[in-house]
Visitor: 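The following block contains the structure, expressed as structure tokens.
Just so it is clear, the structure is predicted and the values come from calculations on it, not from any experiment. All residue numbers refer to positions in the sequence shown, counting from 1.
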Amino acid sequence: MSLKQQYGLITANYWAFTITDGALRMLVLLFFYQLGYSPLEIAMLFLFYEFFGIVTNLFGGWLGARLGLNVTMNIGLSLQVMALMMLAVSPEWLTVAYVMAAQALSGIAKDLNKMSAKSAIKSLASDTDGQLYHWVSVLTGSKNALKGFGFFVGAVLLGAVGFQYALFVLVMLIVVPLFFSIIYLDGQLGKAQNKPKFQEMFSKSPAINWLSGARFFLFGARDVWFVVALPVYLQGVLQWSHTEVGTFMALWIIGYGVVQATTPKWTGLKKGRDADQEHNPTRTTAMKLALALAVVPALMAATLSYSPQVILVGGLLVFGVVFALNSAVHSYLIVSYADADGTSKDVGFYYMANAAGRLAGTVLSGWVYQVSGMEMTLWLSALMVLSAGLLVLKAQPMPKTA
């Protein structure tokens, strides 16, 4: 298969997985809220999902560099099938511990899939003509748009066929790309020429470390109010239905993904003969975008009491656009900074920080909302974004050798 065909296969795998990932999150969140679980209890259902993402990115990056990214991607797809089947059981089996275990498998699957897809692009695209930036943006943006579609699918399936049968539908959705991936995905993709030792997974590059720290706070800033607090507030305070909550959050993530996919146009990347490294985004670009983003949740927190529905809907739309730009630039920077030999080592380390930020944001989303309300989650979001902006500015890349 050509490089573009390999990229297309990787993207298709990522898309199919992402739809099931978004649908499963919405199914679990709405189903257990319907059963009477508190915001903090719901957040705890996702604890292992996020925690095992931290472990997976570290170990998975090492595994991908040693065995190839086709191995890690296919393992991820297979584990998602197992997680879905675990939850498609009789309701009396669905204790908190059991659901957390299934979510752990899904978290491992998600981060193996993401790390594999992002790392593979380094082997398939050039960084000198803007191709790498475009391919990373398209992959990341389309993935998030489809995760939004997955939110919608999960909410609709819950209302239409119930929790158990919805899971069977998702299993059928992911088995087909797994079959094609096993047959056609290049077995040499992402293998390091020098097999890394496990202790090498802890990056020695200051730029990777600072960028990873910034990623922790950036995604913590999103999830601290979006993951649990927002849907619970919309349903519990504003009295929105399951379908309304799922549809709104789905449309937001779809729009967020579209912005990510077109970020090169927003940030002024030029293509063609004149395209070169200086047109690509830098750590300064990321810092400026973070400062712009921090303003949004701060203003929302200060004005939420005046008209909660208008402020949340309008503010979330603005937040989505600016956050998408931040995320896409960060995603480009890590792939660009990563070592070409065994890219998954650095990408895995970076997404370990991403998963840690999501874990912190998820737990804080349930706890802070339950204790102090929606406004406090928004203030905390603004503070975390500011931290991300300060850290990314210190991520000075190493000079590239000839």
Side-chain angles (χ1 to χ4, degrees), residues 11-35 42 45-46 49 76-89 91 94 99 102-103 105-107 109-111 113-114 117 138-181 222-223 226-228 230-232 234-235 240-261 313 316-317 320 324 358 362:
T11 303
N13 289 345
Y14 204 25
W15 285 355
F17 184 94
T18 297
I19 292 174
T20 66
D21 185 52
L24 180 59
R25 177 168 285 265
M26 189 55 58
L27 280 170
V28 171
L29 194 153
L30 294 179
F31 181 69
F32 283 91
Y33 181 70
Q34 181 179 292
L35 293 180
I42 293 171
L45 292 176
F46 298 103
Y49 176 91
L77 292 169
S78 301
L79 287 177
Q80 183 74 340
V81 172
M82 292 174 59
L84 293 168
M85 292 302 298
M86 276 186 68
L87 293 172
V89 295
L94 297 176
V99 174
Q103 287 290 90
L105 279 183
S106 184
K110 185 261 294 183
D111 282 293
N113 196 267
K114 177 197 290 186
V138 169
L139 181 73
T140 304
S142 60
K143 169 256 181 181
N144 283 303
L146 286 170
K147 185 167 185 176
F149 179 65
F151 274 32
F152 174 74
V153 168
V156 170
L157 286 175
L158 181 61
V161 300
F163 186 76
Q164 188 175 32
Y165 287 105
L167 292 164
F168 288 127
V169 173
L170 299 181
V171 168
M172 289 187 289
L173 181 63
I174 206 168
V175 165
V176 174
L178 173 59
F179 172 78
F180 283 100
S181 181
R222 182 195 66 178
D223 287 3
F226 184 79
V227 170
V228 176
L230 179 65
V232 169
L234 292 176
Q235 192 162 35
W240 288 24
S241 68
H242 289 338
T243 302
E244 287 171 335
V245 173
T247 301
F248 174 64
M249 296 184 71
L251 290 174
W252 183 83
I253 296 181
I254 290 170
Y256 159 70
V258 170
V259 174
Q260 278 189 313
V313 173
L316 189 61
L317 294 177
R358 289 173 56 92
T362 298

Visitor: With sequence neighbours excluded, tell me which residues meet ring pair (Phe, Tyr, Trp, His ring centres under 6.0 Å) with F163.
Guide: F31
Visitor: Pairs in or reaching into residues 154-164: which pass side chain to side chain donor-acceptor pair (under 3.5 Å), with residues at least two apart or in two chains?
Guide: none
Visitor: Any side-chain heavy-atom pair from L316 and F248 closer than 4.5 angstrom?
Guide: yes
Visitor: May I ask you to test the V153-V169 pair for a side-chain heavy-atom distance under 4.5 Å?
Guide: no
Visitor: Distance from D111 atom CG to Y49 atom OH, nearest 0.5 Å?
Guide: 7.0 Å
Visitor: Could you measure the distance from the CD1 atom of I174 to the CZ atom of F179? Nearest 0.5 Å is fine.
Guide: 15.5 Å
Visitor: Please name the pair of heavy atoms, one in L158 and one in L27, separated by the smallest distance, quoted to 0.1 Å.
Guide: CB-CD2, 3.7 Å
Visitor: Please report the interatomic distance OG1(T20) to NZ(K147), rounded to the nearest 0.5 Å.
Guide: 10.0 Å
Visitor: Taking the six-membered ring for Trp, are F226 and F151 parallel (under 30°), tilted (30 to 60°) or perpendicular (over 60°)?
Guide: parallel
Visitor: Nearest 0.5 Å, what's the CG-CD1 distance between L24 and I19?
Guide: 13.5 Å
Visitor: Nearest 0.5 Å please: distance from the CD atom of Q103 over to the CZ atom of F46.
Guide: 5.5 Å
Visitor: What are the two closest heavy atoms between N13 and P177, and how far apart are they?
Guide: OD1-O, 3.4 Å
Visitor: Of all the heavy-atom pairs spanning L167 and A88, show the shortest one and how long it is.
Guide: CD1-N, 3.5 Å
Visitor: May I ask you to check whether over 12 heavy atoms, not counting those of W252, lie within 6.0 Å of atom CH2?
Guide: yes
Visitor: How far apart are the closest heavy atoms of R358 and D223, and which atoms are they?
Guide: CG-OD2, 3.3 Å
Visitor: So which atom in L146 and which in T18 form the shortest heavy-atom distance, rounded to 0.1 Å?
Guide: C-CG2, 4.0 Å
Visitor: Which atom pair, heavy atoms only, marks the closest approach of W240 to Q235?
Guide: O-CG, 3.4 Å
Visitor: Is there a side-chain contact between Q80 and L178 (heavy atoms, below 4.5 Å)?
Guide: no
Visitor: Measuring from atom CG of L157 to atom CG of L170, what distance do you get when rounded to the nearest 0.5 angstrom?
Guide: 6.0 Å
Visitor: Quick one, I254 and F152 - any side-chain contact, counting heavy atoms below 4.5 Å?
Guide: no
